[in-house]
Amino acid sequence: MTATELSFLHRFVPADRPGAPPILLLHGTGGDENDLIPIGEMVAPGAALLSPRGKVLESGMPRFFRRLAEGVFDEEDVRRRAGELADFVAEARNAYGLAAPVALGFSNGANIAAAMLLLRPGTLAGAALIRAMPPLKQPPRPDLAGTPALLLSGAMDPIAPAAQTETLARTLRDAGADVEQHMLPAGHGLSQADISLTKAWMAKLT
Ligand code: MLT
């Protein structure tokens, strides 16, 4: 396992299963590049893992873009940061010899993954979005034909209410993505069902 800089501080775990798509791990607010490595190993055993740390700090807590209040996003920053992260993915693919990754994003990490799908289509080969919200009020409509997306919402989630995930699911479907959606009896936190559904969905990609 290596921790190098490129344009984002990150961790990289090389693949030991040929053919498994690489996974881009995107943490939630206050997380870092270490957080989701064990989850990545559980849901995509043997896949290469690329795990950057968000560059925006909110009271010392890393995030992937700025927000003005909880659930109110600085959309100019969303656009800029989605571009920066997509550029990092291109750099890392080149440095490590990787195919286009499938994102596994939690909370703020799911939101930046959704922003990359919408703003920089082609960067991600798919995305598992856990507790996601629409990152933009007026999203563009890229061509995401056949791009697999998994959206997992929590019925009791006060931060990313299920209705918001539904709006995002509609946007992705309208763009042609192949969306699988589940509402779990959970809050904002990760649950065991998130792990097992993500693992089953990832297994269908290989
Ligand atoms: C966000 O800011 O991206 C969402 O509110 C999720 C969070 O980070 O709490």
Side-chain angles (χ1 to χ4, degrees), residues 1-57 62-65 78-130 132 135 142-150 172 177-178 190 194-195 198-206:
M1 187 170 303
T2 52
T4 55
E5 298 259 347
L6 300 183
S7 61
F8 273 69
L9 182 64
H10 67 282
R11 276 177 69 181
F12 176 67
V13 182
D16 62 16
R17 181 165 56 98
I23 310 296
L24 176 69
L25 298 170
L26 299 168
H27 63 78
T29 302
D32 66 20
E33 67 280 14
N34 300 306
D35 269 29
L36 294 180
I37 300 265
I39 308 283
E41 285 168 345
M42 272 189 261
V43 300
L49 303 176
L50 179 63
S51 187
R53 182 191 300 185
K55 287 188 180 181
V56 172
L57 286 180
R63 287 175 51 85
F64 287 97
F65 58 81
V78 170
R79 290 173 189 276
R80 182 162 85 87
R81 301 291 179 178
E84 244 178 32
L85 190 57
D87 290 344
F88 163 74
V89 169
E91 245 175 70
R93 284 185 62 186
N94 195 33
Y96 298 122
L98 301 174
V102 172
L104 169 55
F106 169 64
S107 187
N108 181 246
N111 297 342
I112 193 74
M116 275 197 293
L117 282 173
L118 295 168
L119 296 165
R120 292 285 292 266
T123 301
L124 299 176
L129 307 175
I130 302 180
D143 180 5
L144 294 174
T147 303
L150 174 69
L172 296 176
D178 179 6
L190 267 179
D194 289 292
I195 309 289
T198 304
K199 184 170 183 174
W201 179 83
M202 293 273 182
K204 289 188 269 182
L205 302 181
T206 50

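It should be emphasised that the depicted structure is a prediction, and the values quoted were computed from it without experimental measurement. Scope of the values below: all heavy atoms of this structure, side chains included, with no hydrogens, waters or symmetry mates.
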Asker: Where is the tightest heavy-atom contact between Ala86 and Arg120, given as atom of each residue plus distance?
Answerer: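 Shortest heavy-atom contact: CB-CZ, 3.6 Å.
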Asker: Atom CG of Leu24 and atom OG1 of Thr123: how far apart are they, to the nearest 0.5 Å?
Answerer: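 With rounding to 0.5 Å, CG (Leu24) is 10.0 Å from OG1 (Thr123).
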Asker: How many angstroms lie between CZ in Arg11 and CG in Leu49, if you round to the nearest 0.5 Å?
Answerer: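 If we round to the nearest 0.5 Å, Arg11:CZ and Leu49:CG are 9.0 Å apart.
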Asker: Tell me whether Asn108 contacts the main-chain N or O of Phe64 through its side chain, where contact means a donor paired with an acceptor under 3.5 Å.
Answerer: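 Pair found, side chain donor or acceptor close to backbone of Phe64.
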Asker: Cation-pi check for Phe65 against Arg63: NZ or CZ below 6.0 Å from the six-membered ring centre and within 45 degrees of the axis, yes or no?
Answerer: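 Yes, Arg63 sits over the ring of Phe65.
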Asker: Give a yes or no on whether the backbone of Glu33 and the side-chain of His10 come within a donor-acceptor separation of less than 3.5 Å.
Answerer: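 Such a contact is absent between His10 side chain and Glu33 backbone.
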Asker: Do His27 and Arg53 have side chains that approach each other closer than 4.5 Å (heavy atoms only, starting at C-beta)?
Answerer: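 Result yes, sub-4.5 Å side-chain heavy-atom pair found.
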Asker: Taking Arg17 for the side chain and Ala47 for the main chain, is one N or O donor matched with an acceptor at less than 3.5 Å?
Answerer: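 Side chain of Arg17 to backbone of Ala47, a donor-acceptor pair under 3.5 Å: no, none is there.
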Asker: Roughly how far apart are Ile195 CD1 and Ile130 CD1, rounded to 0.5 Å?
Answerer: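 Reported value, rounded in 0.5 Å steps: 6.5 Å.
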Asker: Do you know which two heavy atoms are closest between Leu117 and Leu144, and how far apart they sit?
Answerer: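 Where Leu117 meets Leu144 most closely, the heavy atoms are O-CD2, 3.5 Å.
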Asker: Can you tell if the side chain of Val56 reaches within under 4.5 Å of the side chain of Pro62, non-hydrogen atoms only?
Answerer: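 No, every pair of side-chain atoms sits at 4.5 Å or beyond.
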Asker: Spell out, as yes or no, whether a donor-acceptor pair under 3.5 Å connects the side chain of Glu91 to the backbone of Leu6.
Answerer: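 No, because the side chain of Glu91 does not come within donor-acceptor range (under 3.5 Å) of the backbone of Leu6.
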Asker: Can you give me the closest heavy-atom contact between Ile23 and Pro101, atom names plus distance?
Answerer: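 Scanning both residues completely, I find the closest heavy atoms to be C-CB, 4.5 Å.
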Asker: Measure the shortest side-chain to side-chain distance between Leu172 and Leu129 over non-hydrogen atoms and say whether it is less than 4.5 angstrom.
Answerer: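 Yes, side chains in contact.
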Asker: Hey, could you give me the CE/CG distance between Met42 and Asp194, rounded to the nearest 0.5 Å?
Answerer: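 Nearest 0.5 Å value for the CE-CG distance: 11.5 Å.
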Asker: Less than 4.5 Å apart, any side-chain heavy atom of Ser7 and any of Asp87?
Answerer: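 Ser7 vs Asp87: side chains apart.
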Asker: Give me the ring orientation class for Phe88 and Phe8: parallel if the planes are under 30° apart, tilted from 30 to 60°, perpendicular past 60°.
Answerer: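 Judged by the thresholds at 30° and 60°, the geometry between Phe88 and Phe8 is tilted.
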Asker: Report the distance from atom CZ of Phe106 to atom OG1 of Thr198, rounding to the nearest 0.5 Å.
Answerer: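 Phe106 atom CZ to Thr198 atom OG1 measures 11.5 Å (nearest 0.5 Å).
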Asker: Flag yes if more than 12 heavy atoms outside Lys55 fall under 6.0 Å of its NZ atom; otherwise flag no.
Answerer: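 Correct, the count exceeds 12.
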Asker: Closest heavy-atom contact between Asn34 and Asp32?
Answerer: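 Nearest heavy atoms, Asn34 then Asp32: N-OD1, 2.8 Å.
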Asker: Looking only at heavy atoms, which two atoms of Ala115 and Val78 are closest? And how far apart?
Answerer: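 In this case the closest contact between Ala115 and Val78 is CB-CG1, 3.7 Å.
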Asker: Output the distance between atom CG (Leu26) and atom CG (Leu104), rounded to the nearest 0.5 Å.
Answerer: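 So the CG of Leu26 and the CG of Leu104 are separated by 8.0 Å.
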Asker: What's the shortest heavy-atom distance between Ala145 and Asp143, and which atoms?
Answerer: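 For Ala145 versus Asp143, the nearest heavy atoms are N-OD1, 3.0 Å.
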